[in-house]
Amino acid sequence: GTTPVNIKGKPILSRTGGWIAAFFIFGNEMAERMAYFGLSVNMVTFMFYVMHRPFSSSANAVNNFLGISQASSVLGGFLADAYLGRYWTIAIFTTIYLVGLTLITLCATMHIFTPDQSQCDNLSILLGNCEQPKQWQMVYLNTVLYITGFGAAGIRPCVSSFGADQFDERSRDYKVHLDRFFNFFYLSVTIGAIIAFTMVVYIQMKYGWGSAFGALAIAMGISNFLFFIGTPLYRHRLPGGSPLTRVAQVLVAAFRKRNIPFSSSDLIGLYELPGKRSAIKGSGKIEHTDDFRCLDKAALQLEEDGADLSPWRLCTITQVEEVKILLKLLPIPACTIMLSVVLTEYLTLSVQQAYTLNTHMGHLKLPVTCMPVFPGVSIFLILALYYYTFAPLARRITGHPQGATQLQRVGLGLVVSILSVAWAGVFERYRRNYAIKHGYEALFLSAMPDLSAYWLLIQYCLIGVAEVFCIVGLLEFLYQEAPDAMRSVGSAYAAVAGGLGCFVATILNNIVKATTGNEAEGRYSWLAQNINYGRFDNLYWLLAVLSLINFCVFLFFAKRYKYR
């Protein structure tokens, strides 16, 4: 049931796939992440400086775009598992992604898509005196943004799973290859982010917005070309039919037999197909477990069923166990939403902090928008040294072949994220008090020469460490634990958690603004446009408390989880 096939659907008997095939997939993911982070870091400033939108609404618009592009990833996972397969889902949506990036480049290149920029200096932008964009211009920009997000949504849940498919499950070193694959996969993600935060920012400053967005489109086009070149090498898994239909069938069948006791005299037993093959294409059989016993009623075979084997009345044990697995997996990625909230807040809040700090490194002055590169650098270094430092040390302590279980790595990442956001609160309080003491309170866009922006590196590096352990561990966990025919949907859990984190960050910001500020009373909100009037430190402490509560919830579910 799980035999891989080639692009023509014929079973693969040779050693097709492996690291060479994975290389082409890494290239596609690197370009996708480069485009994703390039848009996330540049689109806020593009909307602010070119489209003349307020900073807060620009940040919220980009957060919503990022959130939708990730939360809708379940659509890509569904299409891949149900109908198209992972290869064709990536091929179609990566093309849509390229179209979206091309249309964004046109928006930044052709003056017809932007408001008039003449007589509009930085002071006019801050005061909101520049010409506002026409309604159709914002409609166009938002439309092409969501086309791009739609393309990303189709790719994201499939790339990591498709890459992992390239390794032979029958190989003795399969688990070692899989562990290394997910680390190298996230390394490619990190390299894409570093390029976005450095080279793309440099291109924007040197040659303008059109060139910056155009560079993202060109990189995506090259990666698409490389991905298609690797087509003869890829191993494919046949789509197993609609996973949502199978889930619905289990729920309906269980509801129909909800009043039938397991001790019924009419009971024949729990239904499963005879032989080794599963009824689900692309999936092996799954052993019965005692979790969620209410769902087992969908597999109760009664004498009255007779020859009527409609899946809406009677499901196999494997089909029921698929639904159980999806339910058991759900709390783990849900507990990573808080990490995504912190990452989303850092993208905007830390940049605003950096505007008030000295970004000189010797004689070199780094642009403020390059600051988010440092988490990427820390991730790159940790992943590069992972097998020579952390893994051997952890292996001595835990005795685990990979150093730590997947859930232990996720938990460690959550702990480090708490330390990161707690430090961010401590430093922000110091920075704000320093600005007030030295007369910079009203000068929120002026750098304080004696206070270095590189104090932000502590929170950046810590959040980079958190990402390595949490996200890489989560991706590997979801791939290995998800049902064979639902692995794209399982991987989509991680992307959906990231998207929900963006939405939660937007909602949290709106609540904070509404409850902590009152213009009539002259009381500034924690998220005031002038960072020195606001209280970003209080927001960071709030995030630290929420992250600590989230970690306790994670411990509760992780201790009760039993690996397949």
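Heads up: numbering here begins at 1 and tracks the sequence. Quick note: numbers below take in every heavy atom, side chains included, and nothing from hydrogens, waters or symmetry partners.
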**Study point:** ring-ring contact (aromatic ring centres under 6.0 Å, His included) partner of W209, chosen from F48, F46, Y49
**Key:**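 So the option named by the test is F46.
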Counting neighbours of [atom1] on [X] that are heavy atoms of other residues, nucleotides or ligands and sit closer than 6.0 Å, is the number greater than 12?
| X | atom1 | value |
| --- | --- | --- |
| Y434 | OH | yes |
| M199 | CE | no |
| W455 | CH2 | no |

Nearest-0.5 Å distance that lies between atom [atom1] in [X] and atom [atom2] in [Y]:
| X | Y | atom1 | atom2 | value |
| --- | --- | --- | --- | --- |
| K513 | W526 | NZ | CH2 | 14.0 Å |
| S525 | I511 | OG | CD1 | 13.5 Å |
| L414 | S547 | CG | OG | 8.0 Å |
| N28 | I155 | CG | CD1 | 6.0 Å |
| F182 | I471 | CZ | CD1 | 13.0 Å |
| L349 | Q459 | CG | CD | 9.5 Å |

Is any side-chain heavy atom of [X] less than 4.5 Å from a side-chain heavy atom of [Y]?
| X | Y | value |
| --- | --- | --- |
| N550 | T336 | no |
| V200 | N42 | yes |
| L474 | Y493 | no |
| R53 | M138 | yes |
| E32 | V159 | no |
| V545 | I549 | yes |
| L187 | N183 | no |
| N509 | L539 | yes |

Can you give me the closest heavy-atom contact between [X] and [Y], atom names plus distance?
| X | Y | answer |
| --- | --- | --- |
| I203 | A215 | CD1-CB, 3.9 Å |
| Q406 | G473 | CB-O, 3.7 Å |
| A354 | T359 | O-CG2, 4.0 Å |
| A495 | R156 | CB-CD, 3.7 Å |
| L178 | A164 | CD1-CB, 3.6 Å |
| Y454 | N358 | CE1-O, 4.3 Å |

Relative to the ring of [Y], is the ring of [X] parallel (under 30°), tilted (30 to 60°) or perpendicular (over 60°)?
| X | Y | answer |
| --- | --- | --- |
| F427 | Y430 | tilted |
| F536 | Y540 | perpendicular |
| F26 | F181 | parallel |

Point to revise | Stepwise side chain to side chain contact (heavy atoms under 4.5 Å, CB included) test for T356 and Y440 | key: CA-CA 9 Å; T356 69; Y440 288 96; over 6 Å; no
Exercise for review: In sequence, state the C-alpha distance, the side-chain angles, and the governing distance for Y186 and E467, and then conclude on side-chain hydrogen bond (donor to acceptor under 3.5 Å, both in side chains).
Suggested key: CA-CA 9 Å; Y186 209 71; E467 274 196 88; 2.6 Å; yes
Exercise for review: Kindly indicate whether a cation-pi arrangement holds for R560 with F556, taking the cut-offs as under 6.0 Å to the six-membered ring centre and within 45° of the axis.
Suggested key: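 Verdict for F556: a cation-pi partner in R560.
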Check your understanding: Regarding R33 and the six-membered ring of Y36, is the cationic atom NZ or CZ under 6.0 Å from the ring centre and inside 45° of its axis?
Key ->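 The answer is yes; both the distance and angle limits are met.
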Check your understanding: Hey, do the aromatic rings of F477 and Y561 have their centres closer than 6.0 Å?
Key ->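 Close enough - the centres of the two rings lie under 6.0 Å apart.
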**Study point:** Worked check of side chain to side chain contact (heavy atoms under 4.5 Å, CB included) between H52 and M47
**Key:** CA-CA 6 Å; H52 308 152; M47 284 189 170; over 6 Å; no
Check your understanding: After noting the C-alpha distance and the side-chain angles of E476 and R409, does the key distance pass the salt bridge (charged side-chain N to carboxylate O under 4.0 Å, His left out) rule?
Key -> CA-CA 10 Å; E476 187 178 339; R409 281 181 276 163; 3.2 Å; yes
Exercise for review: Report the residue from S223, S188, S160 that forms a side chain to side chain contact (heavy atoms under 4.5 Å, CB included) with E29.
Suggested key: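 With E29 as partner, S223, S188, S160 yield a single side chain to side chain contact (heavy atoms under 4.5 Å, CB included), made by S188.
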Check your understanding: Can a salt bridge be assigned to the pair R432 and E441 using a cut-off of 4.0 Å between side-chain N and carboxylate O?
Key ->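 Between E441 and R432 there is no salt bridge, as every charged N stays at least 4.0 Å from the carboxylate O atoms.
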